[in-house]
Structures are given as structure tokens and as C-alpha cells.
Amino acid sequence: MPILIASLLLTVGLLGDSFITKDEYATMLYQNPRGIGCHKCHGVKGKGLELGRYQEGNRTVIIKAPDITGLSYQRFKEAIRSKKSRLMPYYFLTDKEIKTLYYYLTKKQP
Ligand code: HEC
């Protein structure tokens, strides 16, 4: 019991100087990255969403934002830094913020 209380106090002490946890911060950043939230296109858990579809002759074209949960950090970062996409907006994110978003998408989901 004393050990439990001690470790509890230690945890509170360590997190004491920040108002939100790392997980809360990561979720907030994902949904509000100074621009349209990633979740609006990639879904709350990053598993991808259908953005729309249209008919081209007798073919249905489906526009999707892909699953972004299984990427390497390198690929993830390059995609965010790239200005090539006509669908995904360009974001002004720091390296640390990109790391946080990557953490959010690759951490074990509850
Ligand atoms: C308006 C919709 C939209 C929003 C908002 C958006 N994306 Fe995307 N994203 C896409 C689409 C569509 C693609 C597929 C490739 C392309 O067309 O650029 C993509 C591709 C990606 C890729 C590359 C996937 C791969 O397989 O290489 C990553 C990583 C990514 N998005 C991360 C993000 C993150 C992180 C955010 C928030 C900061 C975000 N996206 C916001 C639509 C969006």
C-alpha cells in the first residue's frame, strides 16, 4: 500500500506541470492541427474514410483518404511535408507535432 501511494504521488508529481496528458494532447492535435482536422478525412482512428464518389460513364469513382495507421515514420512525415496532394491540405506543423501525430496514430488504441 505505501508503495502504491508513493508511486501515485510520483506520477501526479511528474505530470503536475502539464495540464493535459500526452495522449490528450495528441488527440487534440490530430483533430485540430491548425487547419482542417485529420479525422475529417482519415477518420478518428486514422483508418481512412470515403470522401465522395462520382459516376464516370458506367464506372463509379470512389475518392478515399487512406488508412494512415500502418506507415513508417519516414513515409508519414514525407506525406505531411509534401505539397503535391490536390486533396490533402498542406499543414504548417513542426517536427515535434508530426511526431505527436505519428504517436497518436500508432499507439495502441483503447
Ligand atoms: C481534406 C482531406 C484530408 C485531410 C484533412 C487530411 N488528409 Fe491526409 N490524405 C488525404 C488523401 C485524399 C490522401 C491520399 C493521397 C493524396 O491524395 O494526397 C492523404 C494522404 C495522407 C498520408 C499518406 C498516406 C500514405 O499511404 O502514404 C498521410 C501520412 C496523411 N494523409 C496524414 C494526414 C494527417 C496527419 C492529417 C492531419 C494533419 C491529414 N492527413 C489530413 C486527405 C486528407
Side-chain angles (χ1 to χ4, degrees):
M1 196 59 174
I3 291 170
L4 187 75
I5 291 169
S7 59
L8 198 72
L9 286 174
L10 194 67
T11 313
V12 171
L14 287 174
L15 298 172
D17 58 346
S18 62
F19 294 99
I20 52 170
T21 65
K22 185 179 179 184
D23 282 25
E24 283 167 345
Y25 170 63
T27 307
M28 277 170 54
L29 192 62
Y30 183 70
Q31 301 196 355
N32 189 9
R34 293 191 298 280
I36 172 172
C38 316
H39 66 302
K40 293 267 168 78
C41 291
H42 294 282
V44 171
K45 292 187 172 169
K47 291 287 178 194
L49 287 180
E50 182 182 320
L51 301 180
R53 53 174 76 197
Y54 60 90
Q55 213 57 38
E56 206 172 69
N58 51 15
R59 198 167 70 97
T60 308
V61 180
I62 299 172
I63 303 167
K64 277 195 214 139
D67 184 335
I68 50 169
T69 59
L71 307 173
S72 70
Y73 180 65
Q74 190 65 19
R75 180 164 166 177
F76 183 75
K77 189 172 168 180
E78 275 168 19
I80 292 175
R81 289 264 185 256
S82 161
K83 292 182 175 167
K84 283 191 210 127
S85 178
R86 282 180 292 149
L87 285 168
M88 182 168 140
Y90 180 76
Y91 291 92
F92 294 89
L93 294 164
T94 63
D95 284 358
K96 212 175 158 194
E97 286 171 329
I98 293 176
K99 274 203 185 94
T100 302
L101 291 173
Y102 188 74
Y103 164 78
Y104 172 80
L105 290 162
T106 53
K107 78 185 161 89
K108 243 181 128 221
Q109 299 284 349

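Read the numbers this way: they start at 1 and go in the same order the structure lists the ligands and their atoms. Keep in mind it's a predicted model, so treat the numbers as computed, not measured.
- Close approach of ligand 1 to P33 is summarised as follows: ligand atoms under 4.0 Å from at least one heavy atom of the residue are 38 (C).
- With a 4.0 Å cut-off on non-hydrogen atoms, C38 touches ligand 1 through its backbone as well as its side chain.
- Separating the CG atom in N32 from the NE2 atom in H39 is a distance of 8.5 Å, to the nearest 0.5 Å.
- Of all protein heavy atoms, the one lying nearest to atom 28 (C) of ligand 1 is I68 CG2, 3.5 Å.
- Neither the backbone nor the side chain of K84 comes within contact range of ligand 1; no heavy atom lies under 4.0 Å.
- By the 4.0 Å heavy-atom criterion, K64 is counted among the residues contacting ligand 1.
- Near L87, meaning under 4.0 Å from any of its heavy atoms, are these atoms of ligand 1: 1 (C), 12 (C), 17 (O).
- If you number the atoms of ligand 1 from 1 as listed, the ones under 4.0 Å from a heavy atom of G37 come out as 5 (C).
- Polar contact check, R75 against ligand 1: a nitrogen or oxygen pair lies under 3.5 Å apart.
- Between the choices G70, G46, S72, P66, the shortest heavy-atom distance to atom 11 (C) of ligand 1 belongs to P66.
- For atom 29 (C) of ligand 1, the nearest protein heavy atom (residue, atom name, distance) is F76 CD1, 3.4 Å.
- Shortest contact from atom 17 (O) of ligand 1 to any protein heavy atom: S85 OG, 3.5 Å.
- I62 pairs by the side chain to side chain contact (heavy atoms under 4.5 Å, CB included) definition with E50, R53, T60, K64, not counting sequence neighbours.
- Using a 4.5 Å cut-off on side-chain heavy atoms (C-beta onward), I98 and R81 make contact.
- Counting heavy atoms from C-beta on, the side chains of C38 and Q31 never come closer than 4.5 Å.
- One N or O on the side chain of Y102 and one on the backbone of Y73 form a donor-acceptor pair closer than 3.5 Å.
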> What's the verdict on side chain to side chain donor-acceptor pair (under 3.5 Å) for T69 and D67, showing C-alpha distance, side-chain angles and the deciding distance?
Replying inline: CA-CA 6 Å; T69 59; D67 184 335; 2.6 Å; yes
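- L93 places a side-chain heavy atom less than 4.5 Å from the side chain of R34.
- Heavy-atom proximity to atom 35 (C) of ligand 1, evaluated over I36, I80, L71, is greatest for I80.
- Among all non-hydrogen protein atoms, the one lying nearest atom 3 (C) of ligand 1 is C41 SG, 2.7 Å.
- Taking a 6.0 Å sphere around CD of Q55, one finds it holds more than 12 heavy atoms contributed by other residues, nucleotides or ligands.
- Taking 4.5 Å as the limit, some side-chain heavy atom of I63 sits within range of a side-chain heavy atom of Y54.
- Regarding atom 23 (C) of ligand 1, its nearest protein heavy-atom neighbour is A79 CB, 3.4 Å.
- Between the SD atom of M88 and the NE2 atom of H42, the angle taken at atom 8 (Fe) of ligand 1 works out to 180° after rounding to 10°.
- Residue, atom and distance of the protein heavy atom nearest to atom 41 (C) of ligand 1 are Y91 OH, 3.4 Å.
- Not a single donor-acceptor pair under 3.5 Å links the side chain of Y104 to the backbone N or O of Y25.
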